[in-house]
Amino acid sequence: MKPFFTKIKELCRRIIAWFGAHPAATIVVMALGVGLCNEILSRRSLFAAVGFAVTKPLSFLCNVAIVSMFLSLTLLFKRRNILMCLVSLLWLAMGIANFVVCCFRATPFSAMDFILVLSVFPILPRYLTWPGLILLVLALLALIGFLIRCLIRAKRIPVRRAYAFTTVLCSVAVTAVLIASGYLSGIFPRHFSNLATAYREHGFTFSFSVILLDQGIDEPKDYDDEKIHEILSGIQSGTPDSAGDTDAPNVIFLQLESFYDPKLLQGFTFTEDPTPVFTELRDRCQSGVLTVPSVGAGTANTEFEVLAGMSLQWFGAGEYPYETILQRKTCESVAYNLKEHGYTAHAVHNYKGNFYDRNDVFSRLGFDTFTSLEYMNDVTYNAGGWAKDTVLLRYIETCLSTTKGPDLVYGITVQGHGKYSVDAEEDASPHIGITACPEETDADAFTYYVNQLHETDAFLGALISSLEATGEETYVVLFGDHLPNIGIEEDRLPAGMTLYDTEYLIWHSGGETAPDQNLKAYQLSAAVMSRLGWNDGVLTKLHQTWADKKDYLVYLEMLQYDILYGQGFCYGGEIPFKPTDLKMGVLDIEITDVRTIGENTYVKGKNFTPYSHVYVNGFPRSVEFVDENTLMLTGFLAEKEDVFRVVQITDGIFQLSTTEDYVWK
């Protein structure tokens, strides 16, 4: 046996020596391995990955070519071997990240997740235990330390410049030819309408790379001033009522997190109706199917479509406009349109104000106030750690009562958010039980989800009762933002519905209704404006007058580009919407007095919350929330001329708002 092993050892030595002398071959082999591994992770199956490579060779080769292009750049450096390993590990790490992300949501990992990373960190404890998070951080630190050590100690190999540059150029050329062939042959679409489908049809590496580069709306063919005015002349109809109508009704949108009537699902039965309020309202109000742009996640994108009246189908794959174009541009919205009629626009959300940068973006969507979790008291939480929706009632009522004219309130719930398999709920006695459930469904997780729906539904009932008691004319628009990520398959849905379909209804305090109709999320605001008898806004006019016509989507794409990326021809060349001076919280937070009692100092005032922090002379002090009128600085004694300020802080470091300085005399 010894001669045999000697021959094997010699063969391996020769193979290694050959690949060392021909690094381009090493790159090809490594790229093939990385590409195949990432497809196995993405599809959770070796056979599915091999099937993808065999049945769609051009797509698979594009994925391999992209990896090889990055690997080829390592030939320009002396420590090429370790750099090859690092590049390969980086691509594998992204494949693993995609595998992990898909365990918790329906939308795959994408380049946009890097932009959202600051928003994602605060909610990781909802999905991972603290020991798990600590181990994850330690593992990452250990990995980084190990890689740095390897990089420092790596063997230096002389760079063959001609060989290296030739390999890089050939790799770039092959990648470009393969990708161009895919687009010219129609194998690769111009836009990815669905990330999960794109990853499945075209592979992880290619799809991820496209998302990284593809943002915004491409300039449509024939875009110019003349074409925009042709569109405007076709959609003009009627004249909006005069602005400042104090008799106008209040309008409340309620975007319901993962809300879906579980009675519609085939194979499920319950001890009682989980959503009796929604069921009763649907039977007597205008209602229908609402097609949204995401499933299992992507709340902010449904929100964007509803508020702006724009479709996401022409934006970059997986793009969140809140994190891209709306970081710098204002946008026509239902808030701006209703302000033409004297409305005050409020947003209310029982989650953190900086999530999806709402505390910044809402000013460019026309909102005057934004009441987030940091401005709420008496908040209760479910077993998943999400604020219960009942707290929204108090703050919606506050929005309606603090202004003289009509109000627009855009409420966003959070109680129905996943993760749904919550250990803390195992010993609880749920109000709603499941009497029949398909085998492939996690019954415990679904029971938890259904009971969150039931509590949200009860909140809806309390809100409607409150609005009826005020006697003010009000419209309430209820809709689910997307289906939950709980393993619902399309064959469990009613006939004709897809995973991108939720429901909506429009309730009117006077009992007025309208015929049922199915809508896209970007048509919902225009439908509400139609109920009000108004057509303010270019996109509103388009949705109201052109939705059933041949060129509807062509016109919509053209106008969206013109408003966000073009010359603003539809507004005469100048965007008329100015960012608002967004106020965080409807009620003013004030300091009225500072008192020293014993060894502690008490800050007295109005509308404090558990997120209120006290700064003295510019430095934060340890604070204990007593009640909404009192904050206690433990072990601190105020001195004459000390300057006090109360700051609302989220995630421990981000300041959302601050009070005026209070000088202690």
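Along the sequence shown, residues are numbered consecutively beginning with 1. Bear in mind the structure is a predicted one, so any value in this text is a computation, not a measurement. These values consider heavy atoms only, across backbone and side chains, with no hydrogens, waters or symmetry-generated copies.
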Exercise. CG/L493 to CG/L264 distance, rounded to the nearest 0.5 angstrom?
Worked result: 8.5 Å
Problem set entry | From CA spacing to verdict: side-chain hydrogen bond (donor to acceptor under 3.5 Å, both in side chains), E323, Y356 | CA-CA 7 Å; E323 301 292 341; Y356 289 119; over 6 Å; no
Exercise. Does a donor on one side chain and an acceptor on the other come within less than 3.5 Å for N301 and S294?
Worked result: no
Exercise. Thinking salt bridges, do R492 and E489 make one under a 4.0 Å N-O criterion?
Worked result: no
Exercise. Taking the side chain as C-beta and beyond, is there a heavy-atom pair between F654 and N359 under 4.5 Å?
Worked result: no
Problem set entry | Y571 ring center within less than 6.0 Å of F577 ring center | yes
Problem set entry | Ring-ring centroid check Y320 F304, cutoff 6.0 Å | no
Exercise. Taking C-beta and beyond as the side chain, do E332 and P576 meet within less than 4.5 Å on heavy atoms?
Worked result: no
Exercise. Will you find, in the side chains of D357 and Q327, an N or O donor that is under 3.5 Å from an N or O acceptor?
Worked result: yes
Exercise. Does a side chain donor of either S530 or Q544 reach within less than 3.5 Å of an acceptor in the other side chain?
Worked result: no
Problem set entry | Pairwise side-chain contact, L564 with M310, heavy-atom cut-off 4.5 Å (strictly under) | yes
For this session: Assess the pair W386 and Y351: is the distance between their ring centroids shorter than 6.0 Å?
Result: yes
Exercise. What residue among N535, L408, L532, D536 forms side-chain contact (heavy atoms from CB on, under 4.5 Å) with N337?
Worked result: D536
Problem set entry | Step-by-step ring-ring contact (aromatic ring centres under 6.0 Å, His included) determination, H202 to F188 | CA-CA 7 Å; H202 312 298; F188 299 150; 5.5 Å; yes
Problem set entry | Gap separating the CZ atom of F60 from the CG atom of L36, nearest 0.5 angstrom | 5.5 Å
For this session: Report the distance from atom NE2 of H543 to atom OH of Y555, rounding to the nearest 0.5 Å.
Result: 15.0 Å
For this session: State, yes or no, whether a side-chain contact exists between E201 and S59 at a heavy-atom distance under 4.5 Å.
Result: no
Problem set entry | Ring centroid separation F362 to F367 under 6.0 Å | yes
Exercise. Is it the case that Y322 and E303 place a side-chain donor and acceptor less than 3.5 Å from each other?
Worked result: yes
Problem set entry | Modelled atom types, side-chain donor and acceptor of D407 and H346, under 3.5 Å | yes
Exercise. So, are D651 and K352 salt-bridged, with charged N and O less than 4.0 Å apart?
Worked result: yes
N/O donor-acceptor pairs under 3.5 Å from side chains in residues 167-180, not counting sequence neighbours:
from: T167; atom 1: OG1; to: Y163; atom 2: O; distance (Å): 2.8
from: S171; atom 1: OG; to: M69; atom 2: N; distance (Å): 3.2
from: T175; atom 1: OG1; to: A65; atom 2: O; distance (Å): 3.1
from: T175; atom 1: OG1; to: S171; atom 2: O; distance (Å): 2.8

Problem set entry | Check: D368 and K339 side chains under 4.5 Å, non-hydrogen atoms | yes
For this session: First locate atom CZ of F315, then atom OH of Y565, and finally report the distance between them rounded to the nearest 0.5 Å.
Result: 5.0 Å
Exercise. Under the side-chain contact (heavy atoms from CB on, under 4.5 Å) criterion, do V28 and S68 qualify, and how do the steps go?
Worked result: CA-CA 6 Å; V28 172; S68 69; 5.7 Å; no
Exercise. Does K578 reach the side chain of T330, with side-chain heavy atoms less than 4.5 Å apart?
Worked result: no
For this session: Would you confirm whether the ring centroid of F47 sits within less than 6.0 angstrom of the ring centroid of F52?
Result: no
For this session: Evaluate side-chain contact (heavy atoms from CB on, under 4.5 Å) for L656 paired with S372, printing each intermediate quantity in order.
Result: CA-CA 10 Å; L656 294 176; S372 59; 4.2 Å; yes
Problem set entry | E257-T299 side chain donor-acceptor pair, cut-off 3.5 Å | yes
For this session: To the nearest 0.5 angstrom, please state how far the OG1 atom of T650 sits from the CG atom of L373.
Result: 7.5 Å
Exercise. Looking at the rings of F208 and Y199, which for Trp means the six-membered one, are their centres under 6.0 Å apart?
Worked result: no
For this session: Give the intermediate values and the outcome of side-chain contact (heavy atoms from CB on, under 4.5 Å) for residues I412 and V348.
Result: CA-CA 6 Å; I412 308 159; V348 182; over 6 Å; no
For this session: May I ask you to establish whether R44 and F99 are in a cation-pi arrangement, using a distance under 6.0 Å from NZ or CZ to the six-membered ring centre and at most 45° from the ring axis?
Result: yes
